[in-house]
Amino acid sequence: PEKLAEFQARIDAGDKIEPKDWMPLGYRKTLIRQIGQHAHSEIVGQLPEGNWITRAPTLERKAILLAKVQDEAGHGLYLYCAAETLGVTRDELTEMLLDGRMKYSSIFNYPTLTWADMGAVGWLVDGAAIMNQVPLQRTSFGPYSRAMIRICKEESFHQRQGYDIMMKMANGTPAQKKMAQDALNRFWYPSLMMFGPSDKESVHSEQSMAWKIKMNTNDELRQKFVDQTVPQAEYLDLTVPDENLKWNEDTGHYEFSQPDWSEFFDVLKGNGPCNRERLAARNKAWDDGKWVRDGLLAHAEKKAARKVAAE
Amino acid sequence: PEKLAEFQARIDAGDKIEPKDWMPLGYRKTLIRQIGQHAHSEIVGQLPEGNWITRAPTLERKAILLAKVQDEAGHGLYLYCAAETLGVTRDELTEMLLDGRMKYSSIFNYPTLTWADMGAVGWLVDGAAIMNQVPLQRTSFGPYSRAMIRICKEESFHQRQGYDIMMKMANGTPAQKKMAQDALNRFWYPSLMMFGPSDKESVHSEQSMAWKIKMNTNDELRQKFVDQTVPQAEYLDLTVPDENLKWNEDTGHYEFSQPDWSEFFDVLKGNGPCNRERLAARNKAWDDGKWVRDGLLAHAEKKAARKVAAE
Amino acid sequence: MNREEAFFEFLCRMGDNPLILGHRVSEWCGLAPVLEEDIALANTALDLIGQTQMWLGLAGEVEGAGRSADDLAMLRDVWDFRNVLLAEQPNGDFGQTMMRQYLFDQFHVLLLQRLAESSDERVAGIAAKSVKEVAYHVERSRDTVIGLGDGTSESHRRMQAALDLLWPFAGEMFTDDAVSGQMAEAGIAPQPSTLRADWDAAVRDTMAEATLVIPESDFAHAGGKTGTRHTEHLGHLLTQMQWLQRAYHGATW
Amino acid sequence: MNREEAFFEFLCRMGDNPLILGHRVSEWCGLAPVLEEDIALANTALDLIGQTQMWLGLAGEVEGAGRSADDLAMLRDVWDFRNVLLAEQPNGDFGQTMMRQYLFDQFHVLLLQRLAESSDERVAGIAAKSVKEVAYHVERSRDTVIGLGDGTSESHRRMQAALDLLWPFAGEMFTDDAVSGQMAEAGIAPQPSTLRADWDAAVRDTMAEATLVIPESDFAHAGGKTGTRHTEHLGHLLTQMQWLQRAYHGATW
């Protein structure tokens, strides 16, 4: 209890907590869950975009998309490393992902159906992710904070690339513009869901905010996202699929419709359009890769043994 | 020896040999090999055409190709039945195909690379096949002869459909015509190989001809094929890829270059462009299908047992 | 949406189902577990493609924009397809293919029986022609589901897995919407929901005989027949199916 | 075939190899055995696509018909592709992918080293830039082939199978023909056959360290780099790779 107060004081003072510092069990557990989920999201997030790498329309677009997906794998790597400092291994986390004990961001359970989705994912999904992540650069756990700083830099680059795709489509042929509008229609509400249900309904929020693991309420961030994104959509001459959307002079914010939260909970339960495919793909990759991991490990051991023998 | 002479006399008299009749071991063995290979060719022959069913350019073309491939499977079925009358089961024959003890026509080890190949396969490959098969309608073994009568009818239909595809391509856009010419270039010599090497080098030919299992020499049939096909190519305004091709007024036949027989023997040895893929596809189909065959058999047995119990 | 537009939508639904399912079935060419199945699968695909020609042919006629059945099949992108999600699901193993087939055939036959009494003669005509083929399809796919469900423990396990996997795609076949409402009003086609009870009864019988357990959850994916959200599988299917027409636009074959 | 035509052919060969191999490698996206491999494979694909842009860009320039690198990549049909058959072979398992990569990388690095001294400055420039990337590729693919060859008995078995499978596609990289003859004469590029001895030596070393046995037969498939007969795999690859450009011809992305 004394330690706890001391710990909270450090956090309140803006200190960074480092892996070897004392920390409450709940803090550690919450962080493992949060960083792990974030890492898993980067890994699973490769799939919807990977779905279009082989169909990218130009060599340049293909290169950009490849680089982006490579970055995501890199982010996964930083984040697993940050989580490992808390005393859990990457393999343990991976197994929890694969057997469904840990989640990844539900947005990746939505399909990518046209090339415009590569734009929408960059613009909206990365946009919403950044909105979540920017404040986390100031999170209290040192390794997490440092990982987020690195990640945010790249993500904002990805977002601009996504917007650039949308721009090309929106200013392209009628079919391309239709594609862009269709992508916005499908990704708008799922993007709003990325901030999670209203905090009133969220159980862990208060403690997480005190610990500076969570820096803003879900509703705050969602509002910020809408305020930022609507003018961008207008600039593209695309229509946000919300009849109730309107600017409120008094509040200085947009009013907007909530997403269908029953859909959100359906997806969370595993009934999203692609939950089964995403998990199946990751499980297959892991299972098919076992002989490779075993083989490389066995070789490394042989090599080490030979070196020892030679010394 | 007496029986043998009697047997030969029946054949010479144009009698049909039926499964229950006495026949020399060599006759039986040769027939099993020949009918089996022919059946296997129908089965493996589904694959190069199956490769384009999912890419057929129109619904009509897709339907025609599906019907053709279905016919081929049907031919396989008649032929396996004919072979079974000689005391070998379809499963035994299949296993010999799958482990490489029995062959199928080498032509199916060539790839189908464009839609025009569907034309070339019908026109040239089925054309050559018919040339081989028409005389076999008069073969001495009854079930084989009857199977060939049925098959020839459908094959000549297929050949006309193939020629029709070529015609559409040859009279189509420049790209289509190029496609048609390219298909002819690739399939011409492999089609000539379908008749086998010159009979001078063939060991079994003489006995087979005496038994009326083989009705013409390979060279006769090849010449007939060339004589028939060259004018068809001319009608399509396509060029047979043979600089030495020319009409000989005196013989009333075309002179033509022999195919590269070293390629023929390479393909026979397993080094054709698609040998590995074709056998792998059939093996996979057979292995993957085991649970289905087992399941349906188990169900049939249960049903039969229930029926007995109920009686 | 006016009556004509709804009619066009309806006809696309009718035509896209056999088009996409027929394509999937045709992927089996030469790879079936036994020769008889190769023949049967090719036959099913052939029937379905034939039905596609009729439905999409009529769709083009009703639309009146000069599009042929081939144009509709080969030159639309994913969002314009109106097949149910079930039809575009990958083949998986043979059991999964036959389970998909049965769940669809059982719906298809009930629908076509009703359409044979359509107030639109052209619809009634196509349905009357198709229903005979489909009655045979459902007989076959039903027998196969039963045979494999009530076969070995391995085949039972696989069929149960197939049923569990595909069940969430069954519900979409029976949802009503503005399109189906207009069709029902005009006496052209029944509301899909009115077919559900008969389908449920038939499927219940089949699965009982197959010793398979129908999943409890009635959660149903949607977005195929409205075109709002197909699965990622459809786009990949189109890259193959439409390749030649896309690459050599305007050529005749 | 005049010098310019041969030069164009040569540049298509140089560009189509990384294009098609890069495409194959990119198919792994998100599916590799470990995260580090996901990153490495994406990186390899990225390098190869970058090299494609340079080679096909130059090819278009030399052809002088106004075709861009994208036009060449996205709007040719199979017969116009000039990649070796090895590059278009399917991924198979991870071992097969890495074996294909190593056999190609080892050739690629030797070729690029020589091309860095090309009489054509543009060729020398692209080669000098690419050779650094490819030196890294071959280091990685070599290490992986060794690690898996000399790993467990299972990984050894799979690597031997991969080598046996792909070996008949190695020889095509080293055949000389009219195109390469003209390039050699002009001092633009070496005859491929002159690279064989070094390649053989390097591959022999690698396979020895990997405890893998090089097949005895030197039978070699041909038809890729001349375009006369690709494998059936290439056409399927193109349906994906070229889809958008074919479906929305003339659009910019």
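Residue numbers start from 1 in every chain, and the chains themselves are labelled A, B, ... in the order their sequence lines are given, proteins ahead of strands.
Salt bridge absent: Asp91(A) and Arg293(A) never bring a charged side-chain N and a carboxylate O closer than 4.0 Å. Asp182(A) and Lys178(A) are not joined by a salt bridge, as no carboxylate oxygen comes within less than 4.0 angstrom of a charged side-chain nitrogen. Glu36(D) and Arg90(A) are joined by a salt bridge, as a carboxylate oxygen and a charged side-chain nitrogen come within less than 4.0 angstrom of each other.
For the side chain to side chain donor-acceptor pair (under 3.5 Å) criterion with Arg142(D), the lone passing option out of Gln106(D), Gln101(D), Glu209(D) is Glu209(D).
Within the 4.5 angstrom heavy-atom criterion, atoms from both the backbone and the side chain of Ile146(D) approach chain A. Residue Thr58(A) touches chain D through both its backbone and its side chain, counting heavy-atom pairs closer than 4.5 Å. Contact annotation for Leu31(D): both backbone and side-chain heavy atoms come within less than 4.5 Å of a heavy atom of chain A. For Met118(A), no part sits under 4.5 Å from any heavy atom of chain D, backbone or side chain. The contact between Ala56(A) and chain D is made entirely by backbone atoms, counting heavy-atom distances below 4.5 Å. Within the 4.5 angstrom heavy-atom criterion, no atom of Arg24(D) approaches chain A. With a threshold of 4.5 angstrom between heavy atoms, Met74(D) approaches chain A through side-chain atoms but not through N, CA, C or O. In this structure, the portions of Gln240(D) lying under 4.5 Å from any heavy atom of chain A include both its backbone and its side chain. Proximity to chain A is limited to the side chain of Met159(D), based on heavy atoms less than 4.5 angstrom apart. Proximity to chain D involves both the backbone and the side chain of Gln70(A), based on heavy atoms less than 4.5 angstrom apart. Heavy atoms closer than 4.5 Å to chain D are found in the side chain of Arg61(A), but not in its backbone. With a 4.5 Å cut-off on non-hydrogen atoms, Asp288(A) does not touch chain D at all. Residue contact with chain D, scored on non-hydrogen atoms closer than 4.5 Å, involves the side chain of Leu47(A) exclusively. Residue Ala40(D) does not touch chain A at all, counting heavy-atom pairs closer than 4.5 Å.
With respect to chain A, the highest number of heavy-atom pairs below 4.5 Å among Ser68(D), Cys29(D), Gly22(D) belongs to Cys29(D). Of the listed residues Ala63(A), Ala285(A), Pro57(A), Gly289(A), the one with more heavy-atom pairs under 4.5 angstrom with chain D than any other is Pro57(A). Of the listed residues (Ala42(D), Ala73(D), Gly147(D)), the one with the most heavy-atom contacts under 4.5 Å to chain A is Gly147(D). Taking Lys303(A), Lys290(A), Glu60(A) one by one and counting their heavy-atom pairs under 4.5 Å with chain D, the maximum is reached by Glu60(A). Heavy-atom pairs under 4.5 Å with chain A were tallied for Asp38(D), Leu35(D), Ile49(D); the largest tally goes to Leu35(D). For the options Val69(A), Leu77(A), Asn51(A), heavy-atom pairs under 4.5 Å to chain D are most numerous at Leu77(A). Ranked by non-hydrogen atom pairs under 4.5 Å with chain A, the options Arg158(D), Glu37(D), Gln53(D) are led by Arg158(D). Listed options Leu56(D), Thr252(D), Val34(D) were ranked by heavy-atom pairs under 4.5 angstrom with chain A; first place goes to Thr252(D).
With no hydrogens or angles considered, no side-chain donor-acceptor pair links Thr173(A) and Tyr248(D) at under 3.5 Å.
The CZ atom of Arg33(A) sits 11.5 Å away from the CE atom of Met96(A) when rounded to the nearest 0.5 Å. Separation of atoms CD1 (Ile151(A)) and OH (Tyr78(A)) is listed at 7.0 Å; rounding is to 0.5 Å. Summarising the geometry, atom CE belonging to Met99(D) is positioned 10.5 Å from atom CG belonging to Asp93(D); distances are rounded to the nearest 0.5 Å.
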Set out, in order, the CA-CA distance, both residues' side-chain angles and the distance that settles side-chain contact (heavy atoms from CB on, under 4.5 Å) for Trp291(A) and Thr152(D), then state yes or no.
CA-CA 8 Å; Trp291(A) 73 270; Thr152(D) 61; 5.8 Å; no

Run the numbers on His38(A) and Gln133(A) for side chain to side chain donor-acceptor pair (under 3.5 Å), then give the verdict.
CA-CA 10 Å; His38(A) 188 165; Gln133(A) 289 164 6; 3.1 Å; yes

Stepwise side chain to side chain donor-acceptor pair (under 3.5 Å) test for Asp71(A) and His158(A)
CA-CA 9 Å; Asp71(A) 283 347; His158(A) 296 165; 2.8 Å; yes

Side chain to side chain donor-acceptor pair (under 3.5 Å), that's the test. Do Trp286(A) and Thr94(A) meet it? Break it down for me.
CA-CA 9 Å; Trp286(A) 189 248; Thr94(A) 299; over 6 Å; no

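Taking the ring axis of Trp55(D) as reference, the NZ or CZ atom of Arg13(D) does not stay both within 45° of it and closer than 6.0 Å to the ring centre.
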